[in-house]
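I have placed the structure first, in the form of structure tokens, so that the comments after it can refer back to it.
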Amino acid sequence: MPELASGGAVAARDALREALLKPLAGEELSRDEAVALLATPALTTALLATASALRDRAWGRTVTFSPKVFLPVTNLCRDRCTYCTFRKDPDDPDAWTMTPDEIAAWSARGRTLGCKEALMCLGDKPEVAFPAYRATLAGLGHRTTAEYVYHACAIALDGGLLPHTNAGLLSRDEMARLKEVNVSLGLMLENVSPRLRARGQVHQWAPDKEPALRLRMLREAGELRIPFTTGLLLGIGETLAERVDTLLAIRDLHRAYGHVQEVIVQNFRAKPTIPRADASEPAPEDIARTVAVARLILDADVSVQAPPNLSPADHTLLLAAGLNDWGGISPLTPDYVNPEAPWPHVATLAATCRAAGYTLAERLAIYPAYVDRPGFLAPALRARVAALGEEARTAPGGVEASA
């Protein structure tokens with residue numbers, strides 16, 4: 001019986017090796033094949049090689065990053081995800097809503113350091129939960145957080161940056177308004193499984209993490225022709241099949257609307273101050289296999305990204321897995337979502353890319369394919385994008401990011 005079992009495992013691996021030929025031939029992996037590849041460490045080398053070849057075919061030998069200023073417009077949030085250190089209540093000493101003067105000052109300083117993106121990151125609809133914050137908004141002259149974010153984006157534009165907003169769930173009207181002052185928007189899908197909203201799961205106390213609501217926002221962003229960033233979060237209690245289902249949902253939305261410019265494969269990091277302080281982090285090879293499967297599932301024109309500060313010892317492995325973008329890196333501000341994880345020095349990251357046979361280059365918060373695509377860029381932003389795009393193309397070596 002053990003010999004039969006062993007023979008069956010060999011046959012299954014052989015079938016998966018055959019399946020890996022499908023993406024190279026322009027054919028799609030089945031859901032079951034994608035799940036099995038994630039679950040078969042013995043095929044990691046072959047999986048990564050296939051994904052790397054697909055990346056080279058679609059994106060060449062250039063890997064990109066966006067020099068950015070991370071602006072935490074407010075860290076108040078009505079959700080309570082069990083892995084988050086970013087969100088605060090109003091009475092927390094670390095609660096912070098940035099003032100217009102702070103946004104202007106940080107934007108100007110970031111621009112002098114070579115930044116081109118203003119990442120607006122904030123909690124989900126804190127005005128719904130906190131009367132004190134509603135008073136703060138009123139004092140700033142706004143009724144909703146989305147209105148204040150519009151003002152913040154206008155300030156960043158005046159400072160010479162291109163805004164990219166990740167504000168959690170937004171309505172269709174809010175996104176349409178923000179498109180006037182943003183070159184792209186973002187929302188991490190995280191996972192499509194409703195199971196993660198159940199009692200005892202990571203999103204039990206996070207109404208804005210309801211998958212149907214997030215999928216609706218992704219769909220409406222496509223209808224509005226907004227260049228969009230989304231992604232999945234690894235290590236939050238999801239199954240491998242739920243990871244694949246999340247990638248398939250993103251792929252299907254992109255095929256319907258053509259608006260998903262990048263997908264982030266982000267790994268959970270344990271922290272002492274969160275309820276999941278003792279939870280296991282995804283292993284480097286697990287992250288790499290998920291990056292590779294993302295490359296195999298998603299259409300070739302969708303960028304696959306992994307945050308370099310969350311896997312500081314595994315940059316070469318991630319390059320081998322088919323990654324073509326490192327996301328935003330800041331010379332000025334920390335990663336407020338993962339403050340314990342410093343950004344890499346750009347010069348060091350560039351050297352790692354060179355050693356693997358790739359060139360590191362700057363990009364904007366809107367990918368080149370969307371700049372001239374009809375309806376995807378507000379006309380008022382076109383001249384700014386052109387000027388900063390030329391600056392990025394001629395950047396001698398990128399921004400020297402702080403450690």
Side-chain angles (χ1 to χ4, degrees), residues 73-74 76-84 86-87 119-129 144-146 149 164-179 182 184-199 201-239 241-268 290 294 297-299 302-305 307 327 337:
V73 178
T74 183
L76 303 180
C77 182
R78 72 167 176 170
D79 295 331
R80 296 180 183 273
C81 303
T82 60
Y83 49 78
C84 182
F86 178 78
R87 62 98 49 217
L119 170 62
M120 304 290 176
C121 189
L122 53 145
D124 260 286
K125 293 186 171 55
E127 66 269 33
V128 175
T144 68
T145 301
V149 169
H164 166 86
T165 292
N166 190 332
L169 283 180
L170 295 168
S171 70
R172 183 188 182 97
D173 289 345
E174 288 170 338
M175 284 192 290
R177 175 84 167 134
L178 286 171
K179 184 180 177 181
N182 280 267
S184 55
L185 297 178
L187 177 76
M188 287 290 283
L189 181 53
E190 296 194 6
N191 202 281
V192 294
S193 174
R195 183 182 62 82
L196 298 177
R197 285 272 292 122
R199 180 179 295 276
Q201 298 296 327
V202 292
H203 294 151
Q204 176 182 355
W205 307 111
D208 297 291
K209 297 299 176 74
E210 187 66 46
L213 298 178
R214 297 174 94 76
L215 287 167
R216 183 179 69 189
M217 179 174 160
L218 264 67
R219 174 179 55 79
E220 290 176 343
E223 293 169 352
L224 291 167
R225 297 187 180 184
I226 295 173
F228 210 80
T229 295
T230 188
L232 63 163
L233 185 56
L234 313 185
I236 57 172
E238 80 287 357
T239 66
E242 287 167 345
R243 290 186 193 178
V244 170
D245 289 341
T246 302
L247 289 167
L248 291 172
I250 294 169
R251 184 193 69 183
D252 291 347
L253 283 165
H254 178 67
R255 288 184 177 177
Y257 301 104
H259 67 306
V260 179
Q261 61 176 5
E262 60 184 359
V263 170
I264 306 169
V265 179
Q266 183 169 329
N267 49 306
F268 161 77
T290 307
I297 287 177
L298 298 168
D299 289 349
V302 177
S303 176
V304 175
Q305 175 191 131
V337 176

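Position 1 is the first residue of the sequence, and the numbers go up from there. Note: hydrogens, waters and symmetry copies are ignored here, and every other heavy atom, side chains too, is used.
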- [ ] Answer yes or no: is there an ion pair linking Arg195 with Glu242, defined by an N-O contact shorter than 4.0 Å?
- [x] yes
Open item on the list: Whether the side chain of Thr230 engages the backbone of Leu187 through a donor-acceptor N/O pair (distance < 3.5 Å, no angle test) should be reported.
Closed with: yes
TODO: Keeping the roles fixed (side chain from Arg87, backbone from Cys77), state whether a donor-acceptor pair exists under 3.5 Å.
DONE: yes
Open item on the list: Quick check: do Gln261 and Val302 have side-chain heavy atoms less than 4.5 Å from each other?
Closed with: no
TODO: Could you pull out the closest heavy-atom pair between Ala294 and Val265, with the gap in Å?
DONE: CB-CG2, 4.2 Å
TODO: Report yes or no: does His254 contribute a side-chain atom to a donor-acceptor pair with the main-chain N or O of Val260 at less than 3.5 Å?
DONE: yes
TODO: Check for a donor-acceptor pair, side chain of Thr165 on one end and backbone N or O of Met120 on the other, with a separation under 3.5 Å.
DONE: no
Open item on the list: Rounded at 0.5 Å granularity, tell me how far CG in Leu218 sits from CG in Leu185.
Closed with: 10.5 Å
- [ ] Inspect the contact between Glu223 and Arg172 and indicate whether a charged nitrogen and a carboxylate oxygen are less than 4.0 angstrom apart.
- [x] yes
Task: Over all atoms of both residues, closest heavy-atom pair of Ala249 and Leu215 - done: CB-CD2, 4.1 Å
Task: Reported CD1-to-CG distance for the pair Ile226 and Asn182, which is rounded to 0.5 angstrom - done: 8.5 Å
Task: Straight-line distance of Tyr257 OH to Leu224 CG, nearest 0.5 Å - done: 10.0 Å
Task: Min side-chain heavy-atom separation Leu232-Leu189 under 4.5 Å - done: no
- [ ] Report yes if the side chains of Gln266 and Leu234 come closer than 4.5 Å at any heavy-atom pair, otherwise no.
- [x] no
Task: Evaluation steps, side chain to side chain contact (heavy atoms under 4.5 Å, CB included), between Leu122 and Thr145 - done: CA-CA 9 Å; Leu122 53 145; Thr145 301; 3.2 Å; yes
- [ ] Could you tell me whether the side chain of Asp79 and the main chain of Cys81 form a donor-acceptor pair under 3.5 Å?
- [x] no
Open item on the list: Which heavy atom of Arg78 sits nearest to which heavy atom of Ala129, and what is that distance?
Closed with: CB-CB, 3.7 Å
Open item on the list: Quick test of your reading: applying ring pair (Phe, Tyr, Trp, His ring centres under 6.0 Å), list the pairs with at least one residue in residues 203-224, sequence neighbours left out, ordered by first then second residue.
Closed with: Tyr83-His203
- [ ] Considering only NZ, NE, NH1 and NH2 on the basic side and carboxylate oxygens on the acidic side, decide whether Arg255 and Asp299 come within less than 4.0 Å.
- [x] yes
- [ ] Mind listing the closest non-hydrogen atom pair of Phe268 and Ile236 along with its distance?
- [x] CB-CG2, 4.5 Å
Open item on the list: Could you measure the distance from the CG atom of Leu253 to the CD atom of Glu220? Nearest 0.5 Å is fine.
Closed with: 11.0 Å
Task: SB check Lys125 Asp208 (cutoff 4.0 Å) - done: no
- [ ] Enter the distance from Leu169:CG to Glu210:CD here, rounded to the nearest 0.5 Å.
- [x] 10.0 Å
- [ ] For the residue pair Lys179 and Arg225, establish whether any side-chain heavy-atom pair is separated by less than 4.5 Å.
- [x] yes
Task: Minimal non-hydrogen separation, Arg243 against Gly235, with atom names - done: NH2-N, 4.3 Å
TODO: To the nearest 0.5 angstrom, please state how far the OG atom of Ser184 sits from the CG atom of Leu119.
DONE: 9.0 Å
- [ ] Tell me, with the steps shown, if Gln305 and Val263 meet side chain to side chain contact (heavy atoms under 4.5 Å, CB included).
- [x] CA-CA 6 Å; Gln305 175 191 131; Val263 170; over 6 Å; no
TODO: Ignoring hydrogens and angles, tell me if any N or O in the side chain of Lys209 forms a donor-acceptor pair with the backbone of Glu190 under 3.5 Å.
DONE: no
TODO: Verify, without hydrogens or angle tests, whether Arg197 (side chain) and Gln204 (backbone) share a donor-acceptor contact under 3.5 angstrom.
DONE: yes
Open item on the list: Taking the side chain as everything from C-beta on, heavy atoms only, tell me whether Arg216 gets closer than 4.5 Å to Arg219.
Closed with: yes
TODO: Using atom types as modelled and distance alone, determine if a side-chain donor or acceptor of Asn267 lies under 3.5 Å from a backbone N or O of Leu233.
DONE: no
Task: Contact check, side chains of Cys121 and Val337, non-hydrogen atoms, under 4.5 Å - done: yes
- [ ] Check Glu238 against Asn191 and note the closest heavy-atom contact, atom names and distance.
- [x] CB-ND2, 3.5 Å
